[in-house]
Visitor: 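Below: one structure in structure tokens.
Within every chain, numbering begins at 1; the chains are lettered A, B, ... in the order of the sequence lines, protein sequences first and strands thereafter. Note that these values count all heavy atoms, side chains included, but never hydrogens, waters or copies made by symmetry.
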Number of protein chains: 2
Amino acid sequence: MTNLLKNKKISETPFRKEVLSIFTKYNNAIPLSIVEKELREYNRITLYRTIKIFLEKGIIHEIIITGEKSNYAICQEECVTNLHYHQHIHFKCNRCGIVSCVEIGKFPAIILPKYKIEQLEIQATGLCKKCNA
Amino acid sequence: MTNLLKNKKISETPFRKEVLSIFTKYNNAIPLSIVEKELREYNRITLYRTIKIFLEKGIIHEIIITGEKSNYAICQEECVTNLHYHQHIHFKCNRCGIVSCVEIGKFPAIILPKYKIEQLEIQATGLCKKCNA
DNA sequence: TTATTATTGCAACAATGTTGCATAAAATAA
DNA sequence: TTATTTTATGCAACATTGTTGCAATAATAA
């Protein structure tokens, strides 16, 4: 995390640092609306561009659960730019509403005859650890 | 398919029949832009409302592959309204661009300790049957 | 055929996202 | 450190996507 921006070769500006710190603060995925609330003041356009470049550089990744707004979460180290081969599934809790990346022991092998699968994304909804307790 | 609209208890209008026939014509998922192209003329608002009610009534379902526009496909019979427990995965071909529902023999069992999984959605990208040949 | 109910299309708006360009700030070279 | 180059920011303006109230119209039920 120390100097993630420089590592990814993008300029370190106060705004980008602030947005990054918001993502690091949460350990689950968050929608843009939460980023906006955390920023005391911000420029809409700059925020869009910041999100865009963070996505491009593999700093964050986007999680779209059908019927929900986009959520964003910090990428783990194995997340190479533009090739998000997740070893986790994306989970949305129907009770608390939190979207998170859940590590999974062994990723299921899906075999489709004659197809070539390059990327796999698994999304689940239900009750999270806390809400299921 | 004969009288799907009446079965789902929504009025049968010329426009709805036309939109439905477009979805039936394709045997893969299609984005709104294709529906628009197939309709010689249409009202934007009515189309949105038609898609919305088709989704609500379980006539079509929405497929959102990260980074892509929404695609829509006719629901199979097992698709009960509001509870799309797919026995297929959603596949996007990186070469021809087509999004489709691919039937899968046995759905993988994903177990997350302490979580309760209610719905599972699996998305894959790669090369489809045709493009991989 | 008539009465009731639901759909359509218009106008107007709201939310979300993009682009060109001048200014300001950050990174790099001297 | 300063000067130069490169990149980011903010404004204005626009594009796309989706929504709502309401009057007119069409579909269904009686």
Visitor: Rounding to a whole Å, what distance do you find between Leu32(B):CG and dT19(D):C1'?
Guide: 15 Å

Visitor: Given atom NZ of Lys17(A) and atom C1' of dA26(C), what is their separation to the nearest angstrom?
Guide: 11 Å

Visitor: Round to a whole Å and report the spacing from OH of Tyr48(B) to P of dA14(C).
Guide: 17 Å

Visitor: Whole Å only: how far is the CZ atom of Phe54(B) from the P atom of dA6(C)?
Guide: 17 Å

Visitor: Quick test of your reading of the model: are Lys116(B) and Glu118(B) salt-bridged, counting only N-O distances below 4.0 Å?
Guide: yes

Visitor: For Cys131(B), does its backbone N or O pair with a side-chain atom of Arg95(B) as donor and acceptor, under 3.5 Å?
Guide: yes

Visitor: If the plane angle is over 60° it's perpendicular, under 30° parallel, otherwise tilted; pick one for Phe91(A) and Tyr115(B).
Guide: perpendicular

Visitor: I need the minimum non-hydrogen distance between Lys92(B) and Gly97(B), along with the two atoms involved.
Guide: CE-O, 3.6 Å

Visitor: All N/O contacts under 3.5 Å from nucleotides 10-15 of chain D to the protein, with atom names and distances to one decimal?
Guide:
residue	atom	partner	partner atom	Å
dG10(D)	OP2	Thr46(A)	OG1	2.9
dG10(D)	N7	Arg49(A)	NH2	2.9
dG10(D)	O6	Arg49(A)	NH2	2.8
dC11(D)	OP2	Asn43(A)	ND2	3.4

Visitor: If you pin Arg16(A) and Lys52(B) to their nearest nucleotides in DNA chain D, which one's is more 5'?
Guide: Arg16(A)

Visitor: Once the angle between the rings of Phe23(A) and Tyr72(A) is folded into 0 to 90°, is it parallel (under 30°), tilted (30 to 60°) or perpendicular (over 60°)?
Guide: perpendicular

Visitor: Could you name each residue pair satisfying salt bridge (charged side-chain N to carboxylate O under 4.0 Å, His left out) that touches residues 25-39 of chain B, not counting sequence neighbours?
Guide: Lys25(B)-Glu38(B)

Visitor: List the steps, then state whether side chain to side chain contact (heavy atoms under 4.5 Å, CB included) holds for Asn43(A) with Tyr48(A).
Guide: CA-CA 9 Å; Asn43(A) 179 282; Tyr48(A) 276 122; over 6 Å; no

Visitor: Check whether any side-chain heavy atom of Val102(B) lies under 4.5 Å from a side-chain heavy atom of His88(B), and answer yes or no.
Guide: no

Visitor: From the list dT16(C), dT17(D), dT7(C), which nucleotide is the closest neighbour of the side chain of Lys69(A)?
Guide: dT16(C)

Visitor: What does the list of N/O pairs under 3.5 Å between the protein and nucleotides 24-30 of chain D look like, with a distance for each?
Guide:
residue	atom	partner	partner atom	Å
dT28(D)	OP1	Glu12(B)	N	2.9

Visitor: Would a single hydrophobic cluster contain both Ile63(B) and Ile110(A), if residues Ile, Leu, Val, Met, Phe, Trp and Tyr are joined by side-chain heavy-atom contacts under 4.5 Å?
Guide: no

Visitor: Rounded off to whole Å, could you give me the CG-to-P distance for the Leu55(A) and dT18(C) pair?
Guide: 11 Å

Visitor: Whole Å only: how far is the NZ atom of Lys8(A) from the P atom of dA8(D)?
Guide: 16 Å

Visitor: Rounded to the Å, how far apart are Ile53(B) CD1 and dT5(C) P?
Guide: 17 Å

Visitor: Rounded to whole angstrom units, what separation is found between the CG atom of Leu39(B) and the P atom of dG9(C)?
Guide: 11 Å

